[in-house]
Amino acid sequence: QVQLVESGGGLVQARGSLRLSCAASGRTFSSYVMAWFRQAPGKEREFVAAVSWSGVSTYYADSVKGRFTISRDKTTNTVYLEMNSLKPEDTAVYYCARSGTGGLSRLEGGYDYWGQGTQVTVSS
């Protein structure tokens, strides 16, 4: 059984920074693509970023490119999302997910395990 637990969310002012963490259980963590999604109030969940199993390849939504950085630490089974230059429109619940397909996908259907989410609120 795979479990994903996010942490690091909170309230931050615009132009501030936060680092989200996703702790994964399960021996197969290192073999899978991992990603972050987010869901703002009244909106559908959207893709934010993904990282390959090796950590070498990354893929970002245009809205966060240049501001957010996804990374992973295989020794601690943790995926990170470093968020800089935050904007009020980044306010959302952020979810960590594990890919079931092996590819760097922005599609929700390609991910089979999800965390419970962590709230990020950016004030103007």
Side-chain angles (χ1 to χ4, degrees):
Q1 184 71 13
V2 173
Q3 287 190 321
L4 304 175
V5 179
E6 302 96 335
S7 61
L11 174 64
V12 63
Q13 290 187 329
R15 296 178 297 282
S17 298
L18 277 177
R19 187 175 80 157
L20 305 183
S21 299
C22 171
S25 64
R27 294 181 298 172
T28 58
F29 166 79
S30 62
S31 302
Y32 289 86
V33 166
M34 299 294 294
W36 288 93
F37 286 75
R38 68 185 182 186
Q39 187 168 21
K43 296 187 177 181
E44 294 186 350
R45 189 155 54 184
E46 64 175 4
F47 171 78
V48 176
V51 60
S52 64
W53 67 270
S54 66
V56 172
S57 298
T58 55
Y59 177 36
Y60 295 94
D62 288 343
S63 58
V64 306
K65 200 174 296 183
R67 300 188 299 122
F68 291 11
T69 302
I70 188 171
S71 62
R72 69 192 300 165
D73 184 344
K74 292 184 179 182
T75 63
T76 60
N77 283 358
T78 304
V79 179
Y80 300 100
L81 186 68
E82 185 76 35
M83 306 186 295
N84 298 312
S85 302
L86 282 161
K87 305 174 181 179
E89 51 263 44
D90 294 318
T91 295
V93 176
Y94 283 71
Y95 298 90
C96 175
R98 192 196 80 166
S99 172
T101 65
L104 286 172
S105 173
R106 65 187 304 123
L107 302 177
E108 280 192 54
Y111 295 84
D112 54 2
Y113 286 97
W114 295 80
Q116 83 289 347
T118 185
Q119 175 71 48
V120 171
T121 303
V122 184
S123 63
S124 57

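Each residue takes its place number in the sequence, starting with 1. This structure is a prediction, so every number in the text was calculated from the model and none was measured.
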Taking all atoms of both residues into account, what is the closest heavy-atom pair of [X] and [Y], and its distance?
X   : Y    : answer
V48 : V64  : O-CG2, 3.5 Å
A24 : L4   : CB-CD2, 3.5 Å
Y95 : G115 : CD2-O, 3.6 Å
D90 : V122 : CB-CG2, 4.3 Å
V33 : R72  : CA-NH1, 4.2 Å
N77 : K74  : OD1-O, 3.3 Å

Quiz item: Tell me, which pairs form a disulfide (SG to SG under 2.5 Å) where one or both residues lie in residues 88-124, sequence neighbours left out?
Solution: C22-C96

Quiz item: Which residue pairs pass the disulfide (SG to SG under 2.5 Å) test with at least one member in residues 41-94, sequence neighbours excluded?
Solution: none

Practice problem: Supply the atom-to-atom distance I70 CD1 to S52 OG, rounded to the nearest 0.5 angstrom. | Solution: 9.5 Å

Practice problem: Identify, with sequence neighbours excluded, every residue that meets salt bridge (Lys or Arg N to Asp or Glu O under 4.0 Å) alongside R45. | Solution: E108

Quiz item: With sequence neighbours excluded, what pairs up with E46 under the salt bridge (Lys or Arg N to Asp or Glu O under 4.0 Å) test?
Solution: R38

Quiz item: Do V51 and V5 share a hydrophobic cluster (ILVMFWY, side-chain heavy atoms under 4.5 Å, transitive)?
Solution: no

Self-check item: Linked, directly or transitively: Y113 and L81 (ILVMFWY side chains, under 4.5 Å)
Solution: yes

Quiz item: Is there a side-chain contact between L20 and M83, using heavy atoms and a 4.5 Å cut-off?
Solution: yes

Exercise. Each residue besides L11 in its hydrophobic cluster should be listed here, by chain and number; the cluster joins Ile, Leu, Val, Met, Phe, Trp and Tyr at side-chain heavy-atom distances under 4.5 Å.
Key: none

Practice problem: Give the other cluster members for L107, using side-chain heavy-atom distances under 4.5 Å between Ile, Leu, Val, Met, Phe, Trp and Tyr residues; answer none if it is isolated. | Solution: none

Exercise. Scan residues 109-124 for pairs that pass salt bridge (charged side-chain N to carboxylate O under 4.0 Å, His left out), counting only residues two or more places apart or in two chains.
Key: R98-D112

Self-check item: Pairs where residues 53-63 contributes a residue and the test salt bridge (charged side-chain N to carboxylate O under 4.0 Å, His left out) is met, not counting sequence neighbours
Solution: D62-K65

Side chain to side chain contact (heavy atoms under 4.5 Å, CB included) with [X]: which residues, sequence neighbours excluded?
X   : result
T76 : D73, T78, Y80
Q3  : S25
S85 : R67

Whether the side chain of [X] engages the backbone of [Y] through a donor-acceptor N/O pair (distance < 3.5 Å, no angle test) should be reported.
X    : Y    : result
Q39  : A92  : no
Q13  : S123 : no
R106 : A50  : no

Quiz prompt | Pairs touching residues 47-73 that satisfy ring-ring contact (aromatic ring centres under 6.0 Å, His included), sequence neighbours left out | solution = F37-F47, F47-Y59

